[in-house]
Every structure is written in structure tokens, then in C-alpha cells.
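Each remark here refers to the structure printed beneath this line.
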Amino acid sequence: MLAADRERKARHDQNRPSARERGYDSKWQRERAAYLAAHPTCERCGAPATVVDHITPHRGDMKLFWRRSNWQPLCTPCHSRAKQAQEKREN
């Protein structure tokens, strides 16, 4: 990661609400586990899914956050690399 990217991320994270404040609480953990049990493979590569990704970033919109049609199962590498790179390009 370039120094400029690290600095940008640090500035962004400084103002970002905590995961719990963004909705990732015990209710999310239960729903995430149920969703992954029903959708066990990554949508992109077919590996075992470990992440429930919001297809359209919810950006605090709790209706969009909980809309299951906006969820997709991803493996960690696809979420961490491909999806994050895609969102970075779109912003």
C-alpha cells in the first residue's frame, strides 16, 4: 500500500463510526451466519464463503443494510481484493 493510500485510509477511519455503530452487532452476526449457511460458496470464485457483502454499499442506510437482496456471499480474498478495488474505482 502506498503512503498516500495509508494516509487517506487513516483520515477516513478517524471519522468512521465503529462497526457496532454501523450495524454490525449480535443481530448481524446471527443473520450473517444463517445467510452463509444457506449460501456457502463465494459468488465470484466458488470458494467457501466467509463474508456477507453488501452489493450496493449501504453507507448507513439501515433499510439497505438489512435488504437481503443486497447481500452476496464472498470469500475473504474476493471481498478484500476484488470487491474493495471495485468500490474504490467507483468512488
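Both backbone and side-chain heavy atoms feed into the values below; hydrogens, waters and symmetry mates do not. Everything numeric here is computed off the predicted structure, so don't read it as measured data.
Residue Arg44 holds its CZ atom at 7.5 Å from CG of Asp53, rounded to the nearest 0.5 Å. From Ile55, atom CD1 reaches atom OG of Ser69 across 7.5 Å, with rounding to the nearest 0.5 Å. Rounding to the nearest 0.5 Å gives a distance of 7.0 Å between OG1 of Thr50 and CZ of Arg32. In this structure, the separation between CD on Gln72 and NE2 on His79 is 8.5 Å, given to the nearest 0.5 Å. How far CG of Asp61 is from CZ of Arg67: 7.0 Å, rounded to the nearest 0.5 Å.
Side-chain heavy atoms closer than 4.5 Å link hydrophobic residues (I, L, V, M, F, W, Y) into clusters, and following such links, even through other members, never connects Tyr35 to Val51. Leu36 and Trp71 fall within the same hydrophobic cluster, defined by Ile, Leu, Val, Met, Phe, Trp and Tyr side-chain heavy atoms under 4.5 Å apart, directly or through other members.
Minimum heavy-atom separation, Pro48 to Cys75: O-CB, 3.4 Å. Residues Leu64 and Pro57 approach most closely at CD2-O, 3.6 Å, considering heavy atoms. Residues Ala37 and Pro40 approach most closely at O-CD, 4.0 Å, considering heavy atoms.
Here Glu31 pairs with Arg68 under the salt bridge (Lys or Arg N to Asp or Glu O under 4.0 Å) rule; sequence neighbours left out.
In this structure, His58 contributes its side chain and Gly60 its backbone to a donor-acceptor pair below 3.5 Å. For Arg30 (side chain) and Asp25 (main-chain N/O), no donor-acceptor pair under 3.5 Å exists by modelled atom type.
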